[in-house]
Amino acid sequence: MPQAISPEFSSSVKLNYVKLGYQYLVNHILTFLLIPIMVGVLIEVLRLGPDEILKLWNSLHFDLVKILCSSFLIIFAATIYFMSKPLSIYLVDYACYKPPVTCRVPFATFMEHAKIILRSNPKSVDFQMRILERSGLGEETCLPPAIHYIPPRPTMKAAREEAQEIIFSAMDSLLNKTGLDAKDIDILIVNCSIFSPTPSLSAMVINNYKLRSNIKSFSLSGMGCSAGLISIDLARDLLQVHPNSNAVVISTEIITPNCYQGKERAMLVPNCLFRMGGAAMLLTNRRWERRRAKYRLLHVVRTHKGADDKAYRCVMEEEDPEGNVGVKLSKDLMAIAGEALKSNITTIAPLVLPASDQLLFLIILIGRKILNLNWKPYIPDFKQAFEHFCIHAGGRAVIDELQKKLQLSAEHVEASRMTLHRFGNTSSSSLWYELSYIEAKGRMKKGDRIWQIAFGSGFKCNSAVWKCNRNIKPPTDGPGPWVDCIHRYPVQIPEVVQL
Amino acid sequence: MKSFPHLSHIQLIHLSFVSLFFSILLFHAVFSGTSAAHLFRLLSAAPASVSLSCAWCVLVSVLYFYYTRPRPVLLLNYACFKPESDRRCTLEVSEYFVRRSNRFSGESEAFMRGIYLKSGLSDETYAPKFIFEENCEPKFEYAVDEAREGMFAAVDAVFLKTGIDRRRIDVVIVTCGGFSPAPSLSSLVVNRYKLKPEVKTFNLSGMGCSSGLIAVDLAAKILRSSRKPLYAIVVVIESISLNWYFGDNRSMLVTNCIFRVGCAAALMTNDQALRRAAKMELSHSLRTHHGADESAYRAAFQQEDAEGYTGVALTKDLIRVAGLSLSRHIKQLAPRVLPLSQLAHYLYSAMTSGGDSKPAVPDFTTAFEHLCIHTGGKAVIEKVGQVLKLRDSVTEPARMTLHRFGNTSSSLVFYELAYFEAKGRLKKGDRMWMMAFGTGFKVCSLVWKCLKDSPDEFDNPWKDCIHRYPVKAW
């Protein structure tokens with residue numbers, strides 16, 4: 001607007017250039033040191049001429065012994081290097097479950113059910129309406145068929161059916177996409193927080209797909225919305241011990257047994273937010289899969305704040321006075337989430353931040369703590385370290401809080417917000433829907449780094465860092481969860497939807 | 001897909017080493033115009049190069065051997081939870097509860113009494129608290145209390161016995177078959193013992209009676225995947241309170257009669273510095289899953305009966321499935337553990353049997369001094385004894401543990417281990433085979449090597465009654 005550029009603006013622009021220059025210098029310091037050396041060597045070689053070089057070569061007196069020794073030395077060093085490196089873990093591909101249209105729960109349906117089921121408690125109905133209005137969910141989220149009944153019918157049979165529908169669809173899709181033979185699966189990990197029948201869900205998968213008898217299967221349960229990343233961490237540890245193996249990880253949350261049928265307000269919130277969803281991932285440490293693998297796992301960082309009583313109690317499953325079991329969310333959930341995130345960031349920052357940021361952080365730390373100078377603490381800019389962010393779509397408040405804390409732009413959190421809008425809070429699988437969104441939008445390029453963050457009861461904050469291994473084309477058809485609706489996104493989600 | 005064998009990094013390095021060696025020889029042969037044989041003579045005549053290359057070969061091979069061997073996993077110590085004697089479940093207590101609850105028909109009562117009397121359980125097993133409460137409805141908090149009571153007692157004992165600082169624990173694995181609240185039981189352990197924020201927790205659920213051994217195996221795998229010394233605590237528990245069956249379906253009533261309260265905790269590590277203090281070292285582990293077979297998958301199934309009550313139905317097929325799964329399992333285990341003489345004998349009988357007769361089952365008592373078998377029930381022990389051709393003295397610990405503690409599900413193998421210790425049967429160097437079955441149908445084996453003679457532990461659950469054992473259980 002103003003014709004003359006204001007001095008603050010021009011100084012901030014200059015500061016930006018200085019910052020950019022500093023970052024470039026520190027991050028490429030090795031190149032800056034090597035180039036003059038190589039140039040010097042090249043000039044020297046050119047100066048000497050070919051005859052002198054040949055004389056130099058012959059004077060080294062290469063004989064059999066020396067050649068053997070030097071080659072053994074090289075091989076020895078290479079062996080040490082390769083043996084000390086942990087095996088690279090690749091995510092070959094993954095598949096997200098797309099619920100059928102018949103399971104959709106638009107706002108009108110949800111409120112009608114709530115009004116009928118809780119007609120003796122209009123205050124609870126109002127409360128649910130207010131939560132739904134501000135939730136950030138859209139009209140296309142889905143609930144399993146058993147919950148569509150009035151009152152809901154959470155039988156074990158219905159829960160198993162939901163589990164079979166979600167898990168088998170996702171697995172079928174994964175097997176199709178990757179061309180994987182079911183008999184080729186060496187490790188199977190299934191995580192589902194609330195529902196853990198006997199035999200386990202992993203046994204159900206083994207039974208349906210006739211997997212091998214020496215498969216290593218695990219069924220994780222009760223670990224909340226961060227269980228997806230915990231399963232990835234487990235798969236990584238197992239793949240370190242079993243070379244040349246495939247691991248299938250299935251993350252889901254079965255809503256049917258989770259439906260709270262009482263009237264306690266703090267326990268009604270999960271009813272409003274949790275929706276049907278599931279995802280299946282194929283991880284491997286086989287080197288030849290590197291070519292077609294989509295992502296490579298760089299780091300998984302887990303932080304558990306359970307030692308603090310307040311953090312432990314902020315998400316608690318308990319019985320209300322009438323005997324209905326539900327999950328109670330405490331009011332300081334956001335504050336605790338912020339604390340857990342801070343701990344997690346402290347561990348992950350040195351692993352992912354570029355050298356320039358780390359150096360700056362170190363200098364400021366020394367200045368503040370040792371020299372006692374009055375400098376402001378340095379908040380690292382994670383946008384330098386990652387191109388994409390997948391924040392667990394726990395609820396609008398979680399995404400808002402993280403956007404503020406990490407200073408992210410609207411585009412960075414778009415995947416999370418749109419996943420919350422389209423699919424609701426699908427618990428541990430939401431990270432995969434978000435990743436799918438980024439791919440469907442065609443934003444994923446080779447070399448991009450992705451940061452997945454999820455919170456879970458207990459209180460846990462888990463992060464995974466992936467690097468995109470190849471250029472990924474957005475899918476134009478097929479069973480992808482976003483294929484039919486990506487053209488409508490991003491949508492503008494109002495602060496409060498009027499119901 | 002696999003057109004040529006794919007090699008790991010190390011194997012590639014060594015292949016390149018060998019090929020480089022020979023290509024250099026070839027290079028020299030070609031360029032200096034001498035034949036390969038002459039070159040070899042030359043090589044052998046040149047002592048320095050030969051000795052040097054041999055030394056490097058040996059060095060690299062030793063390094064390879066050292067690095068690719070799995071790092072040993074040690075069991076430092078374990079503890080079993082023993083409830084107070086006022087929680088003893090006798091026949092009278094059980095009958096009183098059944099009558100008070102007013103939920104069962106007369107036939108069901110008679111059936112349960114019959115099962116109880118034939119089960120091989122004594123009157124000293126332990127029942128959950130809610131059996132003794134006035135109100136017969138199992139509430140959520142009862143299940144939480146049951147879990148807290150068992151886990152805290154066992155984990156406290158383990159920390160006391162090993163003296164390990166709580167803040168050094170890196171991995172927590174909790175397995176509880178029928179109960180997985182939010183936050184998980186592993187978070188409960190973290191909260192109670194104020195473990196460090198970097199701790200890795202895993203909560204397994206629904207994996208049946210073999211989940212104890214599966215959890216130990218999982219801990220071993222995680223410990224092996226790291227080069228740093230790590231400490232893992234494994235807690236094994238089963239929840240009875242919320243899994244009591246209140247209907248009248250006979251196949252589901254059996255679990256009411258034989259499952260009892262129990263919990264065990266174990267501390268494991270890969271830190272070799274603690275080898276002197278450790279009790280056992282894990283040699284092998286093997287898991288087989290027979291869920292691909294439909295009858296095996298449905299042998300023990302949790303479902304609702306016609307009235308809508310949830311319970312675990314144990315079909316009559318269970319014993320047959322257990323026997324079949326065990327035979328398949330030992331086929332995979334045998335080559336890894338049997339001494340050569342037994343293996344040769346087995347192979348010979350397999351070749352000469354032919355036709356209908358099955359090959360002779362190898363004698364596993366030659367491979368192990370002690371067998372620690374999960375004892376789901378009387379019929380299971382008998383079937384295992386039949387399949388493996390075990391004498392009564394070998395299945396005695398299994399039968400005695402079932403008698404004294406009932407079927408505590410996944411933690412039963414630890415109570416059985418405590419029996420061996422109480423009897424003073426473990427000697428340094430003894431090999432022990434722990435085996436458990438689980439729903440799905442899974443079989444899990446762990447092979448341990450004893451590093452110490454049986455110590456006299458102050459909290460051994462058999463301490464006050466071992467003098468009475470063995471008894472005739474049935």
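Just so it is clear, the values below take in all heavy atoms, side chains as well, and ignore hydrogens, waters and symmetry mates. Throughout, a chain's letter reflects where its sequence line sits, starting with A, and its residues are numbered from 1.
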Which answer fits B:Leu195, side chain, backbone, both or neither, if we ask what part of it has an atom under 4.5 Å from a heavy atom of chain A?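 When you check distances to chain A, only backbone atoms of B:Leu195 fall under 4.5 Å.
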Over all heavy atoms of both residues, which pair between B:Gly177 and A:Thr198 is shortest? Give the atoms and the distance, please.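 Shortest heavy-atom separation between B:Gly177 and A:Thr198 comes out as O-OG1, 4.4 Å.
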Considering all heavy atoms, the nearest A:Gly306-B:Asn191 contact: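 Between these two residues, the closest heavy atoms are O-ND2, 2.8 Å.
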Taking 4.0 angstrom as the limit, do B:Lys194 and A:Asp309 come out as a salt bridge?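 Salt bridge: yes.
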Strictly below 4.0 Å, N to O, side chains only: are A:Asp237 and B:Lys221 in salt-bridge contact?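 Salt bridge absent between A:Asp237 and B:Lys221.
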Residue-level interface, residues 214-222 of chain A with chain B, non-hydrogen cut-off under 4.5 Å: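 So far as heavy atoms go, A:Asn214, A:Ile215, A:Lys216, A:Ser217, A:Phe218, A:Ser219, A:Leu220, A:Ser221, A:Gly222 are the residues that approach chain B to under 4.5 Å.
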Heavy-atom cut-off 4.5 Å, strictly under: side chain, backbone, both or neither for [X] against chain B?
X	value
A:Ser343	neither
A:Asn191	neither
A:Leu234	both

Just by distance, no angles: are the side chains of A:Arg236 and B:Ser225 close enough, under 3.5 Å, to form a donor-acceptor pair?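 A:Arg236 vs B:Ser225: no donor-acceptor pair found between side chains.
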Checking B:Glu304 side chain against A:Met156 main chain: does a donor-acceptor pair fall under 3.5 Å?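 It does hold such a pair.
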Side-chain (B:Arg328) to main-chain (A:Ser213) donor-acceptor, under 3.5 angstrom: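 Checking the backbone N and O of A:Ser213 against the side chain of B:Arg328, no donor-acceptor pair under 3.5 Å is found.
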Close side-chain approach of B:Gln303 and A:Lys157, heavy atoms under 4.5 Å: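 Contact flag for B:Gln303/A:Lys157 side chains = no.
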Answer whether the closest heavy-atom distance between the side chains of A:His304 and B:Thr201 falls below 4.5 Å.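 Of all side-chain heavy-atom pairs linking B:Thr201 with A:His304, at least one is under 4.5 Å.
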